[in-house]
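For reference, the structure is listed below as structure tokens.
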Amino acid sequence: MKKIILAVLLALPMSVFAQKFAHVNSTQIVQAMPEYTTAMTDLQNLQKQYEQELQRMQDELKTKADDFDKNQATLPDAVKQRRQQELQDLYQRLQQYEQTAAQELQKAQAEKMQVITKKVSDAIKEIGAAGQYVYIMDVSSGIPYISETLSTDVTTDVKTKLGLK
């Protein structure tokens with residue numbers, strides 16, 4: 001019985017060394033994907049649209065505020081109050097639009113990147129299963145140290161799986 005236990009204890013460390021580990025740079029893969037380039041272009045275009053609309057609203061507010069400042073002394077109190085309220089309303093709409101635009105841009109970015117990262121993640125899982133790796137660690141996520149001699153870089157394999165160069 002002692003010989004069996006001893007044999008198991010001696011074989012256990014060998015099984016630990018037989019495990020395969022790999023690493024991948026997902027940022028490098030994502031940036032090589034045509035979907036990423038398209039998503040970034042779409043997001044930049046969307047951002048430009050929001051910025052143009054925001055600029056238009058700011059110009060309108062400035063024009064109305066300048067007009068109010070010039071004519072304020074000659075306006076009756078009722079008209080003056082109404083125009084002040086209009087300026088406040090326009091300013092609030094501008095602030096609300098700015099917040100909404102930022103949220104919509106963030107939402108669009110998250111949606112586009114989710115599709116891309118899922119595709120990369122699925123490819124990494126397939127490479128892991130095919131190569132019988134115990135772990136595939138992402139070096140772009142800030143892991144302080146990975147031994148490249150004890151770990152296999154599968155970045156190229158994942159790129160090939162995704163049809164990238």
Side-chain angles (χ1 to χ4, degrees), residues 1-62 88-165:
M1 182 70 159
K2 288 183 182 179
K3 289 183 181 180
I4 294 174
I5 293 174
L6 185 60
V8 168
L9 289 175
L10 289 175
L12 188 61
M14 288 183 207
S15 67
V16 171
F17 291 116
Q19 295 177 350
K20 293 170 57 177
F21 299 94
H23 60 275
V24 67
N25 187 334
S26 65
T27 302
Q28 183 183 10
I29 295 166
V30 167
Q31 291 175 349
M33 296 175 71
E35 295 95 327
Y36 176 77
T37 306
T38 303
M40 289 299 106
T41 302
D42 292 348
L43 290 170
Q44 287 172 352
N45 290 337
L46 184 60
Q47 183 176 4
K48 283 179 187 175
Q49 288 175 356
Y50 287 139
E51 287 173 354
Q52 288 171 349
E53 180 61 19
L54 190 61
Q55 185 63 48
R56 187 198 62 74
M57 291 174 80
Q58 288 172 340
D59 292 345
E60 180 183 355
L61 177 63
K62 184 178 181 335
Q88 286 177 344
D89 291 345
L90 187 57
Y91 181 71
Q92 287 175 349
R93 281 198 323 252
L94 185 131
Q95 285 184 322
Q96 185 175 358
Y97 180 79
E98 190 172 18
Q99 289 174 353
T100 302
Q103 290 170 350
E104 291 295 321
L105 190 61
Q106 205 171 32
K107 180 181 173 186
Q109 181 179 9
E111 288 173 357
K112 290 181 182 296
M113 290 308 295
Q114 181 182 10
V115 172
I116 293 168
T117 54
K118 181 175 179 355
K119 192 172 181 179
V120 171
S121 178
D122 290 346
I124 291 171
K125 287 176 186 176
E126 289 178 25
I127 295 296
Q132 297 179 334
Y133 293 105
V134 176
Y135 295 109
I136 297 181
M137 293 161 265
D138 189 356
V139 296
S140 65
S141 64
I143 295 174
Y145 174 75
I146 292 181
S147 172
E148 293 187 15
T149 56
L150 300 174
S151 174
T152 306
D153 186 356
V154 294
T155 303
T156 306
D157 297 337
V158 175
K159 282 183 170 181
T160 303
K161 183 78 175 170
L162 292 170
L164 305 171
K165 294 179 182 178

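We count residues from 1, following the sequence as given.
The minimum heavy-atom distance linking Ile136 with Gly128 is given by the pair CD1-CA, 3.5 Å. The minimum heavy-atom distance linking Leu90 with Leu61 is given by the pair CD2-CA, 3.5 Å. In this structure, Pro34 and Leu164 approach most closely via the heavy-atom pair CD-CD2, 3.6 Å. Heavy-atom minimum distance, Val120 versus Ile29: CG2-CG2, 3.9 Å. Considering every non-hydrogen atom in both Val24 and Asp153, the closest pair reads CA-OD1, 4.3 Å. Considering all non-hydrogen atoms of both residues, Ala123 and Lys161 come closest at CB-CG, 4.0 Å.
Counting heavy atoms of neighbouring residues, nucleotides and ligands inside a 6.0 Å radius, atom OH of Tyr50 exceeds 12 of them.
Interatomic distance, Ile124 CD1 to Asp138 CG, rounded to the nearest 0.5 Å: 6.0 Å. Taken to the nearest 0.5 Å, the CG atom of Leu46 stands 12.5 Å off from the OG1 atom of Thr41. From Leu150, atom CG reaches atom CD of Gln19 across 12.5 Å, with rounding to the nearest 0.5 Å. The structure places CD1 of Ile127 at 7.5 Å from OG1 of Thr160, a figure rounded to the nearest 0.5 Å. Here OG1 of Thr100 is found 11.5 Å from NZ of Lys107. Values are rounded to the nearest 0.5 Å. Atom NE2 of His23 and atom OH of Tyr133 lie 10.0 Å apart (nearest 0.5 Å).
Residues that satisfy the salt bridge (Lys or Arg N to Asp or Glu O under 4.0 Å) test with Glu98, not counting sequence neighbours, are absent from this structure. Under the ring-ring contact (aromatic ring centres under 6.0 Å, His included) criterion, Tyr135 pairs with Phe21, not counting sequence neighbours.
Screening residues 30-49 for salt bridge (charged side-chain N to carboxylate O under 4.0 Å, His left out), with sequence neighbours left out, gives Glu35-Lys119, Asp42-Lys112.
Under 3.5 Å, the side chains of Gln49 and Asn45 contain no donor-acceptor pair of N or O atoms. Between the side chains of Glu51 and Gln47, a donor-acceptor pair is found at a separation under 3.5 Å. Thr155 and Asn25 form no side-chain donor-acceptor contact under 3.5 Å, judged by distance and modelled atom types alone.
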| said: If you apply the rule side chain to side chain contact (heavy atoms under 4.5 Å, CB included), what do you find for Met40 with Tyr36, and how did you get there? | reply: CA-CA 6 Å; Met40 289 299 106; Tyr36 176 77; 3.7 Å; yes
| query | Lys118 and Asp122: salt bridge (Lys or Arg N to Asp or Glu O under 4.0 Å), yes or no, with the steps? | reply | CA-CA 6 Å; Lys118 181 175 179 355; Asp122 290 346; 2.9 Å; yes
| Does the side chain to side chain contact (heavy atoms under 4.5 Å, CB included) test come out yes or no for Glu53 and Met57, once each step is laid out? | CA-CA 6 Å; Glu53 180 61 19; Met57 291 174 80; 3.9 Å; yes
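Within the 4.5 Å cutoff, side-chain heavy atoms of Val30 are placed close to those of Met113.
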